[in-house]
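Note that the structure is predicted; figures quoted are calculated from it, not measured.
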Amino acid sequence: MQTTTQTYTMPAPIAGVFARLPAYPGSWLFTRGLNLVLAPQLPADVREALAGRTLRLRVSDARIVFDFKWQGNAFVPSKTVGTPDLTIGACAHDLLRLARREEDPDTLFFSRRLALEGDTELGLLFKNTLDAFDVSLFDPATFFGKRRPRAS
């Protein structure tokens, strides 16, 4: 029996709006989220390996990129000039499924739905670090609490 995973893509009109937004504010917001969720969980050896390395997250269907790096003890936005050390790219739906561990990075990579471009060792570090995280970190209820039904 063959199963297929439905992949959703962002509608073109919404992607068009995102594509017109300036990159730096988005990277700033993205690094705030990373610092809230991931930075406290990063082991010291991963922090050391990331130090000063430029990273790019490319959300292909939204036509946006987030450039950032590890500096000191936090992720900071980066105005990357040239090629970053590692670019991670996929559609928004696949990135969310990857973060929530609903999809395996190897499966996405070999089905050409996840692109890792640049430093191979840094790409493996990314994959192994993501695999080590507690999946509940990516559950919105962790930050916003469970939704309560509205009173009628």
Side-chain angles (χ1 to χ4, degrees), residues 5-10 14-15 17-19 21-149:
T5 303
Q6 178 68 34
T7 299
Y8 301 97
T9 57
M10 189 160 300
I14 295 172
V17 170
F18 281 134
L21 296 174
Y24 190 81
S27 294
W28 184 86
L29 286 171
F30 180 69
T31 58
R32 295 308 171 259
L34 287 176
N35 289 330
L36 178 68
V37 177
L38 297 182
Q41 310 299 319
L42 285 178
D45 62 328
V46 173
R47 292 171 187 236
E48 186 177 316
L50 289 175
R53 308 294 298 274
T54 55
L55 306 166
R56 173 175 287 160
L57 179 67
R58 184 179 59 236
V59 187
S60 57
D61 58 336
R63 301 190 325 227
I64 56 175
V65 297
F66 302 112
D67 291 325
F68 58 102
K69 63 184 173 183
W70 182 263
Q71 184 176 313
N73 60 356
F75 288 104
V76 295
S78 173
K79 294 181 181 179
T80 302
V81 177
T83 306
D85 294 309
L86 179 66
T87 299
I88 303 152
C91 73
H93 181 250
D94 285 339
L95 288 169
L96 179 62
R97 290 179 56 82
L98 179 65
R100 298 185 78 190
R101 262 203 224 128
E102 295 170 355
E103 195 75 65
D104 178 63
D106 291 329
T107 301
L108 289 175
F109 182 79
F110 290 113
S111 65
R112 297 183 181 202
R113 291 170 37 206
L114 173 67
L116 296 174
E117 302 164 0
D119 185 321
T120 305
E121 188 174 323
L122 194 55
L124 286 172
L125 178 71
F126 159 76
K127 179 200 169 301
N128 293 335
T129 302
L130 190 61
D131 284 344
F133 281 124
D134 176 15
V135 73
S136 69
L137 291 172
F138 302 103
D139 183 357
T142 302
F143 303 103
F144 304 117
K146 299 206 185 268
R147 296 186 94 190
R148 295 183 192 130

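For Ile14 against Met10, the heavy-atom pair with the smallest separation is CG2-SD, 3.7 Å. Heavy atoms only, all atoms of each residue included: Ser27 and Asp67 are closest at OG-N, 3.0 Å. Annotation for Pro77 and Tyr24: closest pair CG-OH, 3.4 Å, computed over non-hydrogen atoms. Contact between Arg56 and Gly82 at its shortest, heavy atoms only, is NH2-O, 4.3 Å. Across all non-hydrogen atoms, the minimal contact from Thr83 to Thr54 is O-OG1, 4.5 Å.
With values rounded to the nearest 0.5 angstrom, Glu103 atom CD is found 4.5 Å from Leu108 atom CG. Once rounded to the nearest 0.5 Å, the distance linking CH2 of Trp70 with CG of Leu34 reads 9.5 Å. Between Thr129 atom OG1 and Leu124 atom CG the span is 10.0 Å, to the nearest 0.5 Å. A distance of 9.5 Å separates CZ in Phe75 from OG1 in Thr31, rounded to the nearest 0.5 Å. Interatomic distance, CG of Leu98 versus NZ of Lys127, reported as 10.0 Å (0.5 Å rounding). With rounding to the nearest 0.5 angstrom, the CG atom of Leu50 is 10.0 Å from the CG atom of Asp85.
For the salt bridge (charged side-chain N to carboxylate O under 4.0 Å, His left out) criterion with Arg113, the lone passing option out of Asp94, Asp106, Asp104 is Asp94.
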Test log, rule side chain to side chain contact (heavy atoms under 4.5 Å, CB included), inputs Leu125 and Val46: CA-CA 8 Å; Leu125 178 71; Val46 173; 3.9 Å; yes
- Could you please spell out the steps behind the side chain to side chain contact (heavy atoms under 4.5 Å, CB included) verdict for Leu122 and Leu55? CA-CA 10 Å; Leu122 194 55; Leu55 306 166; 3.7 Å; yes
If you apply the rule side chain to side chain contact (heavy atoms under 4.5 Å, CB included), what do you find for Lys69 with Val76, and how did you get there? CA-CA 6 Å; Lys69 63 184 173 183; Val76 295; 3.8 Å; yes
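Residues that satisfy the side chain to side chain contact (heavy atoms under 4.5 Å, CB included) test with Pro40, not counting sequence neighbours, are absent from this structure.
For Arg47 (side chain) and Leu42 (main-chain N/O), a donor-acceptor pair under 3.5 Å exists by modelled atom type.
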